[in-house]
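Every chain is numbered from 1, with letters handed out A, B, ... down the list of sequences.
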Amino acid sequence: MTRWSSKAALLWLLLVLAISLFAKSLALQSYTTITADMPDSPPSKTHYLGTDAIARDRFSRLVYGTRITVLFAPVAALLMTSVAGLVGGISGIGSRALDATVMFICELFLSLPWMFLLIAARAVLPLNADPYVSAAVTFFLIGLLGGPGAARVVRARAREWANSDQYLFARSLGISPLRAVLVHLPPILRPVLTAQFWIALPVCIIGEANLSLIGLGVVDPLPSWGALIRECERPDIASAPWLLAPVFLLVATLLSAQILLQRNRENI
Amino acid sequence: MKSGLLRRLSLETAKQFAKVAFSVLLGGLAGATLARYSAGFGVDERELDARLNSASIEAVRHGRSEGRNLASFYVSFLKKASHGDLGYSVTLNRPINELIRQRASLTAREMVRGLALAAAFAGLLACLTRNRISDLAKYGAELLSGVSVCIPAALLGYACLLVRAEPYWAVTLCTFPYLFRYLSNMTSASARAAYVLAARARGIANWRLQIVHVLFPTFPQALALMTTTVSIAFGAAIPIEVVTQTPGLGQLAWHAASSRDLPLLCVVTMIVTGLVLATSAAHAMARAALARPDSL
């Protein structure tokens, strides 16, 4: 991985973050505003990416969609990492019976394809909820259900620590198990959890995109990258390449995140 | 020696069988619970049909009330399933046995073709990349692997529709990055082994070295890798089948979940859990059979 590619990746991610933070200033209008122009019009000076089927400005929707995806995904990744830390930590420092039970539950979660779990869990909730609630629920489920996979990694590190001389030494100094877990364990788990967070981030973005593409993710009128990509199902996509703008944003962002992860791994 | 191996194998088989059976039952119960407590469960649009009289509406209500008590539903479902009756899908108006029979073969074919193609491409490109035969192949493979892991499976389904390709190409693209990355690492590790260095020092031809000493020893690990990729392939098959409107198990899973069809969701969850766990159990048993007694 060359230095310039990781610099370009970082620059891209900063740009996307800036778009999401300054969405209100960048967007030409609100994502719900229906213009008087023709619906489904091609790009023009007033609508950089044209308008959608009900005459809403595509560029504004893309900017707001970037905000929704970029701001919700880290929260979901944080939730995923927290679940992994909590479950893996308890399993790693707990008794053998507790460890076996927790790991069996994790394995059961892992045995079901993630997408199937997401669809089943998402379908349980009302589909006609408020758009913001549906977006929050989508990302919450992605974060919650993705935890067990990462929990195994955390559990391995926590168990290694519980069997280490460091823990034995701490206990021999009279430190209580609770204090050891609360004070000594978090710094040990921090590198693993940080790595898991960065791995979880693209997983959350791609999970939301998949759910939205099959109609179970973020609902209209709220835009997200996944919801905006739905327009690509049109058979005349080849004659309207501007519809691929959200695809480009999604792929470029995930690729940049991957390049930085790879670079980080190489440095370690 | 032989009896030791047999004992080990039978123990592992029993352990794996019990694990798969328990997980399948638990998975089915979890699926049923999700559907039972979902919003809109028990609602039937036929109740709004003005052409039906009160007796017919009552019959419709009675039909839907079967799953209201989760425990009794699950017990009676298991009883019927043990006799080969998987129930009836109200939303698709067909027996579940028939639905599964028709759709399973389609999804199985799609997954087998997709996985086989992905494994062939990944193996070939891993070899080309490792031997630095072509820089173009190296960068091309890394770019393809990097980009395809960033594209949602459903979008690949759309791409298949657009270029009129079979949906298994989308499954291939979804599983290729995982297989390529692991196979590259495996062949690299195999090439660094001491016996490969010794074989090279003895002047064995490069092609023979690559095939016999580098590629062949990675086969058991590659097979194990394939078993873990089944879950990824099925996960990808769900959105792909939904967007390409392929009447397979993935689409059935989506339909069962989104229409809150309790018996159908139960069966699909059990099948998916069984399929994925059976492949990982096969992997564990093969490992037990191949392991040397002193390593256990």
Side-chain angles (χ1 to χ4, degrees), chain A residues 1 5 104-105 107-129 149 202-203 205-217 225-226 229-238 244 246-248 250-259 262, chain B residues 19-20 22-24 26-27 30-31 33-41 143 145-155 157-159 161-162 228 230-243 250 253-254 256-260 265 268-269 272-280:
Chain A
M1 200 61 62
S5 61
F104 178 75
I105 295 168
E107 214 169 303
L108 192 67
F109 265 90
L110 290 174
S111 69
L112 281 167
W114 194 56
M115 185 44 66
F116 179 69
L117 263 179
L118 270 180
I119 288 173
R122 179 66 186 89
V124 168
L125 300 153
L127 296 176
N128 56 350
V203 171
I205 294 176
I206 217 154
E208 183 277 324
N210 264 323
L211 275 183
S212 294
L213 277 166
I214 56 171
L216 290 172
W225 285 348
I229 291 172
R230 283 187 89 174
E231 275 199 281
C232 293
E233 69 182 313
R234 285 166 43 155
D236 62 335
I237 183 86
L244 292 171
V247 178
F248 171 74
L250 176 85
V251 174
T253 306
L254 293 181
L255 212 54
S256 303
Q258 219 182 47
I259 289 170
Q262 180 76 19
Chain B
K19 192 174 149 190
V20 173
F22 184 64
S23 305
V24 165
L26 215 61
T33 312
L34 272 178
R36 170 62 190 87
Y37 294 105
S38 62
F41 171 80
L143 188 71
S145 146
V147 171
S148 49
V149 86
C150 299
I151 302 178
L155 193 62
Y158 283 143
L161 273 183
L162 200 68
T228 56
V230 168
S231 174
I232 299 171
F234 187 79
I238 299 173
I240 291 168
E241 286 185 358
V242 171
V243 299
W254 174 76
S258 53
S259 61
R260 281 89 161 153
L265 190 68
V268 174
T269 313
V272 173
T273 316
L275 174 80
V276 176
L277 282 177
T279 49
S280 60

Subject >> Distance-minimising heavy-atom pair for Ile229(A) and Pro246(A) >> reply: CG1-CB, 3.9 Å
Original post:
Side chains of Trp225(A) and Thr253(A): closer than 4.5 Å at any heavy-atom pair?
Top reply: yes
**OP:** Assess whether atom CZ of Phe104(A) is packed by more than 12 heavy atoms of other residues, nucleotides or ligands within 6.0 Å.
**Re:** yes
Original post:
Taking Ser212(A) for the side chain and Ala209(A) for the main chain, is one N or O donor matched with an acceptor at less than 3.5 Å?
Top reply: no
Subject >> Partner chain A: residue of Leu155(B), Val242(B), Leu161(B), Val243(B) with the largest heavy-atom pair count (under 4.5 Å) >> reply: Leu155(B)
Original post:
Heavy-atom distance under 4.5 Å to chain A: side chain of Val230(B), backbone, both or neither?
Top reply: neither
**OP:** Evaluate the side-chain proximity of Leu250(A) to Cys150(B): yes if any heavy-atom separation is below 4.5 Å, no if none is.
**Re:** no
**OP:** Measure Thr279(B) against the heavy atoms of chain A and call it side chain, backbone, both or neither at under 4.5 Å.
**Re:** neither
Original post:
Can you say whether Ile151(B) sits under 4.5 Å from chain A via the side chain, the backbone, both, or neither, judging by heavy atoms?
Top reply: both
Original post:
Do you know which of Ala159(B), Gly157(B), Ala233(B), Gly235(B) has the most heavy-atom pairs under 4.5 Å to chain A?
Top reply: Gly235(B)
